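What's counted below: heavy atoms across the whole structure, side chains too, no hydrogens, waters or symmetry copies. All figures in this text were calculated on a predicted structure; none of them were measured in a lab. Within every chain, numbering begins at 1; the chains are lettered A, B, ... in the order of the sequence lines, protein sequences first and strands thereafter.
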Amino acid sequence: MRTEQVDLRGEFRDSKRVKALEIKIKEAVERMGDVVHIMEFCGGHTHAIMKYGIDDLLKGYVRFVHGPGCPVCVMPMQRVDLALEMARLPNTILCTYGDLLRVPGSGGKSLLKLRAEGYDIRGVYSCLDSIKIASENPKKNLIFFAIGFETTTPQTAVLLLNAKRMGIKNLFVVSNHVITPAAIQHILNSPEMRQIGSVRIDAFIGPGHVSVIIGTRPYEYFAEEFQKPVVISGFEPVDILQSVYMIVMQTIRKEAKVENQYTRFVSYEGNHKAQRLVSEVFELRKEFEWRGLGTVPYSALKIKKEYKEMDAEEIFKISLSKPKEHPSCICGKVIRGVALPTDCKLFGNVCTPSNPIGSCMVSSEGACAAYFKYKKL
Amino acid sequence: MCLSIPSRVVEVKEDKTALVDTMGVRRVISLELLSEDVKENDWVLVHVGFAIEKLDEEEALKTLELFEDILRMEEHEN
């Protein structure tokens, strides 16, 4: 019996494989005679591409257009302001994932700055930690400010179901969960995409971990309707290069289909149990505002009315004034892929990861943070 | 936020949790999103405190084989 599990990550980082794929991709692109423009939707891929220098490796052959797949980046300022106002409610503990703590709201104030003023704001690793905190503080209201794409939504569903089953009365949730396919469709329908010469996307590298949950099936529509190849990819250098190669080969064959490179974790149908838990607790919002993309129909989830006693937006009615964005921040354009982080005059001088002005500089998935960290500008 | 890390199961506990090893760091995670059972030394994808999928090792090896195929196919074409 095998006792030592093979660590496959080594195989997916193997330099010989990287080199061989680089040569194959370049040969194929040369045969085609045109640079391939690929949008990697997921911020995790943006960081992997920068970290391993894949964009430089394929310069002149493949152009990577960075997509909006970064949950804190796409959160409009109004939602950040909502988190700040919720944290200011009397007798309240606000819990959220660490990424959100440093995102500036109107006037540059973040949850972290608010915590320095004495408000009880905590970053949690798992949303289930908030059940423990709520139980330890029975006289306080605990608000979990839930953010994320499909990768974090099932966890929030488990939180709501467990809290209800355990009879916890002082735990509330704000749902900011957003949906990937809706955002992709919105990008493909945007005026910049339709207007020739503005933004060009020939194909997509599809998100790996979102697809673990939703499967590869939801992308079939885009591939067919918009005639764009979609390849679901892993996050190691060999994964990404292999996905690029698969895209290039589809382009040469004039195909537009969904392919799955990340089969070790992603299936056609996705994680059924996670999908079932999500549909038990959540329903679609008619519309939701995204930073950069504007109002996108049916692009986010709200808590079903069966669980409304735990829906913080139902329980604590908060009215917000109009959000005040920093006038020079171009996060919205970066998120849509129409501008590079380096096009922003705040980039790297006023706006840095330790003092972020815009959300794209905050997160470990934001394009500005990736450029700052890996581009050595 | 969408960055999940493959982690090795060290010990499966009774309350739908498991102790996992993520690149040397050990912590307890929830198994409530998995429909299949996991056992010691299985690899799972961990995301914000939950295992969201079990590694399909056979598929991982197939992906690497596919890579070898790409090279062979190209050589054949050339």
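In this structure A:C73 satisfies the disulfide bond (SG atoms under 2.5 Å apart) test together with A:C70, sequence neighbours excluded. Looking at residues two or more places apart in sequence or on another chain, you find a side-chain contact (heavy atoms from CB on, under 4.5 Å) between A:T263 and A:N260, B:E59, B:T63.
Atom CG of B:D15 has more than 12 heavy atoms from other residues, nucleotides or ligands within 6.0 Å. Applying the 6.0 Å contact sphere to CD of A:E269 captures more than 12 heavy atoms from other residues, nucleotides or ligands.
Using a 4.5 Å heavy-atom cutoff, the side chains of A:V212 and B:H47 are not in contact. A 4.5 Å side-chain heavy-atom check between A:S126 and B:V48 finds every atom pair outside the cut-off. Contact check for A:E11 versus B:L61: no side-chain heavy atoms found under the 4.5 Å cut-off. A 4.5 Å side-chain heavy-atom check between A:R264 and B:W43 finds every atom pair outside the cut-off. Residues B:S30 and A:L128 form a side-chain contact, since some pair of their non-hydrogen atoms from C-beta on lies under 4.5 Å apart. Two residues are said to be in side-chain contact when any heavy atoms from C-beta on lie closer than 4.5 Å; B:D56 and A:F265 fail this criterion.
Note: A:N162 leads A:D129, A:V238, A:L277, A:N162 in heavy-atom pairs under 4.5 Å with chain B. Most heavy-atom pairs under 4.5 Å with chain B, from the set A:A274, A:P154, A:A48, A:A157: that is A:P154.
Taking NE2 of A:H209 as the start and CD1 of B:I5 as the end, the distance is 9.0 Å to the nearest 0.5 Å. We find the CZ-CG distance between B:F50 and A:L159 to be 7.5 Å, quoted to the nearest 0.5 Å. Interatomic distance, CG of B:L33 versus NE2 of A:H272, reported as 14.5 Å (0.5 Å rounding).
Residue contact with chain B, scored on non-hydrogen atoms closer than 4.5 Å, involves the backbone and the side chain of A:R17 alike. Residue B:V28 does not touch chain A at all, counting heavy-atom pairs closer than 4.5 Å. Contact of B:K54 with chain A is made through the backbone alone, with heavy-atom distances under 4.5 Å. When heavy atoms are compared at a cutoff of 4.5 Å, A:I23 does not approach chain B at all. A:Q155 touches chain B through backbone and side chain together, each having a heavy atom under 4.5 Å away.
With hydrogens and angles ignored, the 3.5 Å screen pairs a side-chain donor or acceptor of A:K273 with a backbone N or O of B:L34.
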